[in-house]
Amino acid sequence: MRLDESGRPQPTGEFETLTADSVVLALGQQTDCGFLRNASGVAFTADDLVIVDSNMMTGRPGVFAGGDMAPGQRSVTTAVGHGKKAARAIDAFLRNGKVKIPAKHPGVTFEQLNLPIYADAPPSVQSELSLEARLADGFAETTAGLSEAEARYEARRCLSCGNCFECDQCYAACPEHAIVKLGPGRRYLFDYALCTGCAVCFEQCPCHAIEMAPEPAATETSP
Amino acid sequence: MTSAAPGKTTTIDGNTAAVHVAYRVNEVCAIYPITPSSTMAELADEWVSKNIRNIFGSVPVVQEMQSEGGAAGAVHGALQSGALTTTFSSSQGLLLMLPNMFKIAGELTSAVFHVAARSIATQALSIFGDHSDVMAIRSCGFAMLSSGSVQEAHDLALIAQMATLESRIPFVHFFDGFRTSHEVNKLTLLSDEEIRSLIRDDLVRAHRDRALTPERPFIRGTAHNPDTFFQAREASNPFYARTPQIVELAMNAFAKVVGRAYRLFEYDGAADADRVIVLIGSAAETARETAAFLNRADARENKLGVLQVRLYRPFSVAHFLAALPPSATSIAVLDRAKEPGAAGEPLYLDVLATLAQAFASGAIQKMPRVIGGRYGLSSKDFTPAMVKAVFEELAQAQPRNSFTIGINDDVSGSSLTFDPDFNIEADDVFHAVFYGLGADGTVGANKSTVKILADDPDRYAQGYFVYDSHKSGAQTVSHLRFGPHPIRSPYLISAARFVACHQFDFLDKTDVLKIAAPGAVFLLNCPHDADVAWDRLPRPVQQQIIDKGLRFFVIDASKVARDTGLGARINTVLQTCFFAISGVLPREEAISRIKQMIEKSYGGKGAGIVAQNFVAVDQTLAQLHQVAIPKQATSLLQRPPIVSKLAPDFVQRFTAEVMAGRGDELPVSALPVDGTFPSGTAAWEKRNIAEEVPVWETDLCIQCGQCAIVCPHSVIRARFYDSARLNDPATPAPENFKSAPVNARGYPDSRFTLQFYVEDCTGCGLCIEACPSQSPSAPGTRAINMAPKAPLLESERENIAFFEHLPVNDRALVDFANVRGIQFLEPLFEFSGACGGCGETPYLRLLSQLFGDRLQIANATGCSSIYGGNLPVTPWTKNSQGRGPAWSNSLFEDNAEFGLGFRLAADMHVGLAERLARELAPQIGASLVEEILAAPQIRESEIVTQRKRVAELIRRLQELGDQPQAKNLLSVVDHLVRRSIWLVGGDGWAYDIDYGGLDHVLSTGRDVNVLVLDTEVYSNTGGQASKATPLGAVAKFAAAGKRVARKDLALQAIAYGNVYVAQVAMGANPQQTLLAMREAEAWPGPSLILAYSHCIAHGFDLRYGMAQQNLAAASGYWPLFRFNPAMRKSGEAPFRLDSPRPTIPLKDYAYKELRYRSLASSRPEEAAELLTLAQAAVTEKYAQYEALASRDGSRFQPDARALGGENA
């Protein structure tokens, strides 16, 4: 084989014989998109993948595609991501709206957190087979993964950097009662009429989910 | 106030008796509060506000001063300007007056100072009575006239005034603090006409004629040289020489008008007495009654007499010799004072010198044997038994000199033994003792009982009230006597015919029946039904009831009060019981008397209220049950031990005895020799004074720490820990132990527990009000809620024990910067006896949490020195490494200087340690030394690291063995960890008495931190106005409302430019308080924090104390700010206003408090005007601060310390 100008392998028709202990079968696979061929507006790439926009929608409004049939890495991770992204877009499409993707807040570093306490929570370690065991045991699983309890523990090690989880500490700390609780999942409202900018909420937010911003300059019409 | 008709009797205390006269015969009073004399000054101020006139037809001028020194100065000036002038004082206060007293006497100035004599602070402070103070000032040239009873305090106040006007010698008129100043007794009041007739106008005019006036100028107060001073000092001798006779004549004139006769030396007893006791003050009454009893008992054996000294200075040898029976062969002179190292105490020396001179000159033929002894220091009860012991000692062949009586001195062997069961009380006197709680109205009801019964012309009454030193949950014991003759028994009752216990819980802690006479009546306020009451008594109580044959009555007073609409006023119910069953009056008459009293007290409030109280009386009688006494004690309940068996030896041996009420029995050897006591004893006193305590709802709690930071008693503790601890098979968690996951992300295995120390909780409710977390489903339910304690007590004890077994959180793992993190820091100030809901103690607890293990505190006298250092237990404690606040109280008037002294010594020893470390560097490691000397020590992590280095240094130094320099370095090595020095006190200290000292200390630029617990009044002495008292508020000494706005101490300190200054109010913004404390501590110069502290003196329910603080800030009355000189370095404005512009009018804050509201009801128009002015002052002040906040650093005084120089 040889690589063409786009870097893809092309057969040359030549054969060669190699000696091997074991052989792994790795064949190319293709998605059968034939049923979409007649759908008007749906377009395909050169290698038969369905073209989608940033909302995972095909050229035909209302038809969405993702996973192996859409361009991208052919991995489960990518497919799950496509599904999630498409679900949001479908929801917006049905509501006749647009997908609102909140602006990503800048990354939060450990120094920016205001942890109330610094208790140790060491990472879980997945047990691995020793080299000898691996050789002796052929196809046994080499890395054990986490048990459910371990996985839950591992998940709870997350410090929720930059993401509010409604611990109510800002609400409790505000000396001016300027923070209003909006109920579970709805977070808080900052009442700027009461806020003095003292930054107590900001300084104690354990995950740094609050930023201080300059007060907008008073407009001429304001009293 | 009593209107005077001739011969009218009334029932008042000694202070009232004395000031009644002092007020009438003076024109100017310069005052300052000090226990136990404050009442005199308070009444004078109150009478001015009521326009009551003196005998000259004027309303006297009463001026509060900044200290007793100031009061004496003002007195001196007023006297020099011709006004009849007086003052009132005690103890330290009298000592502060001393320099002026020398002047006033040296200038032969007529004046009387009225003194409730009190102990002087030595190894410890004591507010109680003895003669240390008056004996300490005896050389100043004042005449000294002593009263021994309430009637005498009244009469001699006038005789002193008469004599001073005539003699020109100033007088101290003194009586025993508490024993006389606070004893309520029946007396015959001097009418204004009698007083008027005894004060000679010509002498008053002569006094005025000696005053300074530019019309007839002269110079007084010159400075002399060796050539003339001595002679001038002797020039006044004739005035002193004739004073005794003048006093005698005044007494005679008084007797002629009034009918009560007094002598300079009052002798009573056998005319041919061989044994005589000489003494001063109220103890003379006890001695006289005892001598009479013993003489009656055995007239052949006992020829005893008592000589009471009334005029102690000038000491009249002639009068003394004339009064002493010539038959006296053996004399004991008793002093209520101690002069360490002297050949004898003052009165003893005077008597001895008098007799020795008389013998040497031939005036007497035989020199009697004279011994001296000490008694009654700090109101130690002086009883007939002790008098008897002294008489018996006099009968010995070799009586002991310099003895003590009333204690067991097992160290020096000075004490005489006495028989505590000896009793001389007459059968026709009725004795009643009542145990109550400080706030339950028992004392008030008893005072009213005394007055009711003494109203009868043929009945006399006496009341004396003993308080313990706790400001919350204090036990009061009322001692009441009633009888057909004047009661002259100034000592506690030892065998009562009626004992009432108004709090059921006391049975577990106090032996209330020890005092019951056989066959006495015992009244118990009992929450249990009468038929089960017996079974609920501890077994020792049952046994006493049986052994003494007591008649036992119970009533559920709280229930009767509740059911009849009296609310919490159980005192009326219990007073009714007393009248009904004590037998002091026939029952029917007693009930009618109560109803008369009710009509008198409540008549003005309408017939409904009177009827309601009548119903209460009838209900009380219906609910009062006598309990049948079985033949044998059956109870399984034993009194719990006073302290836990785990308590340290000192607590078991000493503290527990004091707590059990057996402190009087402790021998001298049980006491520290120099006033040094171990830290952390409050933790062993489980007071259990709260009926309701907070209960934690784990699911609602957001773990914000707001409850823990406001808790005045440090009873809310938080810890986080590994959840495995809950299931440790070795120490499993109790069944009811509560915990919750940590309310933050990233703590998979951590649990959080909020533990309430319910036995130490006062139930103030501040935490409940601070809790921000409300239940979404049950309105009003928070994450902590009050619930009855009794059902929780047992399981909470187990929970606390388990909680204490959990490790204290590592300080290095806690975020100091936020309120939430603070809850995990161990308080090193805990369970103080401060009032429930105290506004001061949360600041001290916070201080101890932040810097406790390197904290050194100079504490001014005041509330904080009392709840901080009053026996039996003290709240300042230490951590598991044995470190904690080192605390000391010097005085009221010197605390700033005292604390600066800490700093000076620390600076010196830091320098010494650094020099020695450098010198030893080759031996102990240059790099370690360098690291230690260069270490930053601001953040906790830096302190922790430095501690490790210093520990290593100590280890290396110890390896050097006996090398002198190494040992020298070890002696100061503590200082290499930066010490946090705090000067703590109230506004009376900072704004008034030590203002000059504080100002000076701030001006030095030294690194001290000042915390002013600003209650805006003298809280400890009962709420007198200070310069922090706000405009328009009523306080004692400002009965008509304060007319000057609060002094801006903060601005004064800011003016220095290099002083960190913050004004904080925890209830308004705890985070700002926290920030200010940390910034102040970090600032390497002087720091001043003014901390708003709500107080019972403000007159509102302290449960809402923190909310009220918030209103103080919201109204702009108490803006929060920080002036941080360090900000200049970063180019920011150093003055930062932390609270917003006022959002509510001042009235919405102020009128929630009685101190403001009461003026509005008594003087509505003035109050309205004052409020308008106060509002204007607040608005203007806030504007000033706003202007300051806009200034950059260059607009404040520069900090020149960086340039080096004397203080660098």
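Remember, predicted model here, so these are calculated numbers, not experimental data. Only heavy atoms go into these numbers, but all of them, side chains included; no hydrogens, no water, no symmetry mates.
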Tell me if the [atom1] atom of [X] is crowded by more than 12 foreign heavy atoms within 6.0 Å.
X       : atom1 : result
A:R134  : CZ    : yes
B:K1152 : NZ    : no
B:R1191 : CZ    : yes
B:R751  : CZ    : yes

Drop me the distance from [X]'s [atom1] to [Y]'s [atom2], to the nearest 0.5 angstrom.
X       : Y       : atom1 : atom2 : result
A:I117  : B:Q703  : CD1   : CD    : 8.0 Å
A:T196  : B:R1141 : OG1   : CZ    : 13.0 Å
B:S1139 : A:E176  : OG    : CD    : 7.5 Å
B:R745  : A:R157  : CZ    : CZ    : 15.0 Å
B:D815  : A:N114  : CG    : CG    : 6.5 Å
A:C198  : B:Q1072 : SG    : CD    : 9.5 Å

Pick whichever of [options] has the most heavy-atom pairs under 4.5 Å with chain B.
options                        : value
A:Q169, A:E154, A:H177         : A:Q169
A:D168, A:N163, A:L159         : A:L159
A:C174, A:C167, A:S160, A:C207 : A:C167
A:F165, A:Y118, A:Y153         : A:F165

Max heavy-atom pairs within cutoff under 4.5 Å with chain A, candidates B:S773, B:A770, B:P748, B:P772, goes to B:P748
Among B:P776, B:A812, B:P1140, B:P1070, which residue forms the greatest number of heavy-atom pairs with chain A at distances under 4.5 Å? B:P1140
Is there a side-chain contact (heavy atoms from CB on, under 4.5 Å) between A:E166 and B:N743? Walk through the geometry before answering. CA-CA 10 Å; A:E166 297 183 352; B:N743 177 30; over 6 Å; no
Give, as side chain, backbone, both or neither, the part of [X] having an atom under 4.5 angstrom from any heavy atom of chain A.
X      : result
B:F824 : side chain
B:N818 : side chain
B:N809 : neither
B:A817 : neither

Sub-3.5 Å donor-acceptor pair from the side chain of B:Q706 to the main-chain atoms of A:A172, do we have one?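 Yes.
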So which bits of residues 69-95 of chain A come within less than 4.5 Å of chain B, counting non-hydrogen atoms only?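 Listed by number, there are no contacting residues, so the answer is none.
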Any side-chain heavy atom of A:P116 within less than 4.5 Å of one from B:F752? no
